[in-house]
Colleague: 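This structure is in C-alpha cells; I'll ask about it shortly.
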Amino acid sequence: MAVKRKCTACGTWNEDQDYCIECGQLISPLLIEEIRETQREERRNSIPPTKLDLFIERWKHSKYFVLRVLFQILYAISFAFIAIASFFAYLAASPNG
C-alpha cells in the first residue's frame with residue numbers, strides 16, 4: 001500500500017515521494033527529521049562554553065599536579081553524593097518503600 005502525503009506548501013497529494021511533484025517541497029518525514037537533527041547539532045556545537053566549563057577544563061588539565069588532584073577529589077565527592085541521593089530517590093519512589 002502506497003503512502004500518501006499532502007504537501008504543506010501547495011496542498012498536492014503525493015504517493016510515496018520524498019519531494020512534492022508539483023512544487024518540489026520536501027515532504028518525507030524521515031528526511032525532514034534528519035535535517036532538523038543536523039540543525040540542532042550545529043546549534044549545539046556553535047554555543048560557546050560557559051565560564052564554569054572553561055574553569056573546570058582548566059583545573060582538569062592543569063599543569064599543576066595539586067590542582068589536578070584536587071579536581072579529582074572534588075569530582076569523586078560529587079559523584080558519591082549524587083549516587084547516594086539517587087539511591088534515596090529510588091527508595092522513596094519504589095512502591096514497597
Side-chain angles (χ1 to χ4, degrees):
M1 181 173 168
V3 176
K4 290 190 176 188
R5 294 187 186 105
K6 185 176 181 180
C7 177
T8 57
C10 67
T12 305
W13 284 94
N14 298 281
E15 286 197 27
D16 209 17
Q17 301 287 326
D18 290 337
Y19 295 91
C20 178
I21 56 175
E22 280 294 316
C23 65
Q25 177 76 18
L26 180 64
I27 58 174
S28 171
L30 296 175
L31 293 177
I32 291 171
E33 187 56 36
E34 279 182 25
I35 291 171
R36 286 182 183 162
E37 184 60 35
T38 56
Q39 289 172 347
R40 281 187 218 117
E41 193 67 31
E42 287 172 1
R43 277 194 305 259
R44 271 188 237 125
N45 291 338
S46 67
I47 296 173
T50 64
K51 289 183 179 182
L52 179 63
D53 291 335
L54 293 173
F55 179 75
I56 290 172
E57 281 298 316
R58 275 184 286 180
W59 273 48
K60 188 177 183 180
H61 302 292
S62 175
K63 65 180 180 179
Y64 300 110
F65 179 73
V66 175
L67 289 180
R68 289 194 314 258
V69 170
L70 185 60
F71 170 80
Q72 293 296 330
I73 290 170
L74 292 174
Y75 185 80
I77 290 171
S78 66
F79 184 81
F81 176 77
I82 290 173
I84 292 169
S86 298
F87 176 71
F88 283 124
Y90 170 76
L91 287 179
S94 68
N96 296 332

Colleague: Donor-acceptor pair, Arg68 side chain versus Ser62 backbone, under 3.5 Å?
Modeller: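 Such a contact is found between Arg68 side chain and Ser62 backbone.
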Colleague: Please tabulate, for side-chain N and O atoms in residues 50-59, each donor-acceptor pair with protein atoms closer than 3.5 Å (sequence neighbours left out).
Modeller:
residue : atom : partner : partner atom : Å
Thr50   : OG1  : Asp53   : N            : 3.2
Thr50   : OG1  : Asp53   : OD2          : 3.2
Glu57   : OE1  : His61   : NE2          : 3.2
Arg58   : NE   : Leu54   : O            : 3.4

Colleague: What pairs with Phe87 under side-chain contact (heavy atoms from CB on, under 4.5 Å), at least two apart in sequence or on another chain?
Modeller: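 Phe87 satisfies side-chain contact (heavy atoms from CB on, under 4.5 Å) with Leu91 only.
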Colleague: Between Leu74 and Leu67, is there shared hydrophobic-cluster membership here, with clusters defined by ILVMFWY side-chain heavy atoms closer than 4.5 Å?
Modeller: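 Both belong to a single hydrophobic cluster.
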Colleague: If you measure from NZ on Lys4 to CH2 on Trp13, what distance do you get to the nearest 0.5 Å?
Modeller: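 Here the interatomic distance stands at 8.0 Å.
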Colleague: Which atom pairs, donor and acceptor, lie under 3.5 Å between side-chain atoms of residues 20-41 and protein residues at least two apart or in another chain?
Modeller:
residue : atom : partner : partner atom : Å
Glu33   : OE2  : Arg40   : NH1          : 3.4
Glu33   : OE2  : Arg40   : NH2          : 3.3
Glu37   : OE1  : Arg40   : NH1          : 2.7
Thr38   : OG1  : Glu34   : O            : 3.3
Thr38   : OG1  : Ile35   : O            : 2.7
Glu41   : OE1  : Arg44   : NH1          : 2.8

Colleague: Nearest 0.5 Å, please: how far is CZ in Phe65 from CG in Leu70?
Modeller: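 Between atom CG of Leu70 and atom CZ of Phe65 there are 11.5 Å.
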Colleague: Can you name the closest pair of heavy atoms from Arg43 and Ile47 and give their distance?
Modeller: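 In this case the closest contact between Arg43 and Ile47 is O-CG1, 3.2 Å.
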